[in-house]
Colleague: 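Quick one: the structure is below, and I'll ask about it shortly.
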Amino acid sequence: MIPTGEATAILPAGNHHSPVKVFGNEKIRATFDDLCLQQAINSRCAPGVTEVVLNPDAHCGYGAPIGCVLASPTHIYPGPVGFDIKCSMSLLQTDVPADAMIDKTIRRELIHAVCRRIPTGMGKGARDVPKSRRVEEKTGVAAMTDGASSDVLAALGVPVAWADRCEDAFHRGHDGSADALRQRLYYLRQGKTFSRFRSTVQQLGSYGGGNHFGECEVVDVVDDNESRQIANVFGLRDQHVAFLSHCGSRGIGHRLASGQFKQLEHKFDQWKIPYPGNDKQLVYAPIGSSEANDYIDDMSLGANFATVNHLLINALVLEAFQEIIPGTTGNLVYFISHNIARQEIVDNRETWVHRKGATRAFPAGHHALKRTPFEHTGHPILLPGNPQAGSSVMVGLPGAKESCYSVNHGAGRALGRRRAIRELDQKQIDASFDSADILSNCRRYPRDEAPAAYKDFEEVLRSVKQAGLAKEVARLRARFVIKDSSDADD
DNA sequence: ATGTGC
């Protein structure tokens, strides 16, 4: 490792590659285990890869670490997008004053109102919603091929203007058309793997399990003039209630991703192509090949599903607030992914930037933000920390050029799920939520999701700030949390 | 993360 200011570099074997750029202070670097670093080096040495960035929240992932950026102008890498295609964050700002959340009864009613509309847990589709909220199959198909189009949003009762608050409101097929996606979906539906498509469509408007969540927040805007001005542009309201959501493309994204992993693995074996770093999980396809086209189409189908899923969730959350606190209004602050590959200009070259557990961070004046609401501020960056340390809204700084215009995607796991379930004390976890006055839909908070299972969020943010990648605009203080409530333990 | 899947 070679220290270069706040960034550190790992040099892969041989000298024809630029190093992996590591953003993390000494404390954070101690959290990277050998496999995570090996995955970063494998990724850096893989064909066509021009840059790899390791973020402070990095830990082992599928092929590449979760918490990394991989750039390639010539190759697409499904592993460094991952299973949960376009897993994302979204934030809804309401006009409800923070004081309304003092009352535990109101918060309990809100929890029920949200959970009635938005299922959590494995396999759960939006089954318990009123008939008017059931997703028609043709709307589900249009969601996947067209993304957050006006027609799709109107059909689902989502404010059409929210599409302007998305990192990408829609993803097109490999040739830039939605038609390519229509054809690909039609083809996939002929096969057995999409036989349960009808129930898959009902997963629009659901959270899923694992680290996915919905969280009611109070907004604390950072107390300086610049932050207040940026918060205004973002639509954040200091000392008012907001709602943060974390979820992705559910079963369909998983299905599409795992199908691609298998198919590409099979072709590598058939053609005796060596795997980068001897790791099957780092299969790739050269841009322009039919394999790359198929992957880009499948990724886009999953990504569009995730986008519409988030927007529907936000509309349902707003509806839940309106049921309990009549007259509530709300607006989407932003929707931004941390598991996606997208085309960006890197060093004057059209490049596929894969962010795996990493968040885009375009600062003020970035060319891609022209004619968007965030042209003069940079777009919002939504970073979940944990319910007790809070979550963060940040904005990119010019220094983010060094990290491929990316920051971390949250705190990052410190303990594996099994270890967390074994080592963390249930009573202590629940008592800590009680004393912080944070309510939850779970009788017992999942141990593998406890704040102690994650890295120190403050330390992670410090690394981002010290490296000059982004600055904090607001902190979000949790008032209640919606998680998968099925008791997975004992 | 996940219909824990020929």
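Chain A is the first sequence line, chain B the second, and so forth, proteins listed ahead of strands; every chain is numbered from 1. Quick note: numbers below take in every heavy atom, side chains included, and nothing from hydrogens, waters or symmetry partners.
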Colleague: Quickly work out the A:Phe83 CZ to B:dG5 P distance and round it to whole Å.
Modeller: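 Computing the A:Phe83:CZ to B:dG5:P distance gives 12 Å.
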
Colleague: Under the side-chain contact (heavy atoms from CB on, under 4.5 Å) rule, what do A:Leu383 and A:Leu461 come out as? Steps first, then yes or no, please.
Modeller: CA-CA 9 Å; A:Leu383 298 184; A:Leu461 288 184; 4.1 Å; yes

Colleague: For A:Arg250 and B:dT4, what is the distance between atoms CZ and C1' respectively, to the nearest whole Å?
Modeller: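 After rounding, the reported distance stands at 14 Å.
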
Colleague: Would you kindly give the CZ-to-P distance between A:Arg196 and B:dT4, to the nearest whole Å?
Modeller: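 Computing the A:Arg196:CZ to B:dT4:P distance gives 7 Å.
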
Colleague: In whole angstrom, give the distance that lies between atom CG of A:Asn339 and atom P of B:dT2.
Modeller: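 So the CG-P distance, A:Asn339 to B:dT2, works out to 11 Å.
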
Colleague: Nearest whole Å is fine: how far is B:dG5 P from A:Met122 CE?
Modeller: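 Nearest whole value for this atom pair: 10 Å.
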
Colleague: Check the side chains of A:Asp84 and A:Ser249 for a donor-acceptor pair under 3.5 angstrom, ignoring hydrogens and angles.
Modeller: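 Present: a donor and an acceptor within the cut-off.
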
Colleague: Need one value for A:Gly209: base, sugar-phosphate or nothing, where a base atom within 4.0 Å counts as base even if backbone is also close, heavy atoms only.
Modeller: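 Here A:Gly209 touches the backbone only, sparing every base.
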
Colleague: Write down the distance between CG (A:Asp448) and P (B:dT2), rounded to a whole number of angstrom.
Modeller: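 The answer, rounded to whole Å, is 13 Å.
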
Colleague: Looking at A:Glu423 and A:Arg417, is any side-chain nitrogen of the basic one under 4.0 Å from a carboxylate oxygen of the acidic one?
Modeller: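 The answer is no: the pair does not qualify as a salt bridge.
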
Colleague: Is any side-chain N or O of A:Gln203 closer than 4.0 Å to OP1 or OP2 of B:dG3?
Modeller: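 Yes, such a contact exists.
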
Colleague: Is A:Glu344 paired with A:Arg342 through a side-chain N to carboxylate O contact shorter than 4.0 Å?
Modeller: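 The answer is yes: the pair qualifies as a salt bridge.
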
Colleague: Is there a residue in residues 253-273 of chain A whose heavy atoms reach under 4.0 Å of DNA chain B, and which residues are they?
Modeller: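 Heavy-atom contacts with DNA chain B come from A:His254, A:Arg255.
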
Colleague: Which part of the nucleic acid, if any, lies within contact of A:Arg413, taking any heavy atom under 4.0 Å across all strands shown: a base, the sugar-phosphate backbone alone, or nothing?
Modeller: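 No contact at all - A:Arg413 keeps every heavy atom at 4.0 Å or more from the nucleic acid.
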
Colleague: Looking at A:Phe374, A:Phe234, A:Tyr334, which hits ring pair (Phe, Tyr, Trp, His ring centres under 6.0 Å) with A:His379?
Modeller: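 Testing A:His379 for a ring pair (Phe, Tyr, Trp, His ring centres under 6.0 Å) against A:Phe374, A:Phe234, A:Tyr334 leaves exactly one candidate, A:Tyr334.
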
Colleague: Whole angstrom is fine here: how far is it from OH in A:Tyr62 over to C1' in B:dT2?
Modeller: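 Result: 13 Å.
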
Colleague: Give me the atom names and distance for the closest heavy-atom approach of A:Ala180 to A:Asp175.
Modeller: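 Distance-wise, the nearest heavy atoms are CB-OD1, 3.3 Å.
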
Colleague: Charged N to carboxylate O under 4.0 angstrom, A:Lys465 versus A:Glu459?
Modeller: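 Between A:Glu459 and A:Lys465 there is no salt bridge, as every charged N stays at least 4.0 Å from the carboxylate O atoms.
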
Colleague: Check every strand shown and say whether A:Gly251 touches a base, only sugar-phosphate, or nothing at a heavy-atom separation below 4.0 Å.
Modeller: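 Counting heavy atoms under 4.0 Å across all strands, the contact made by A:Gly251 includes a base.
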
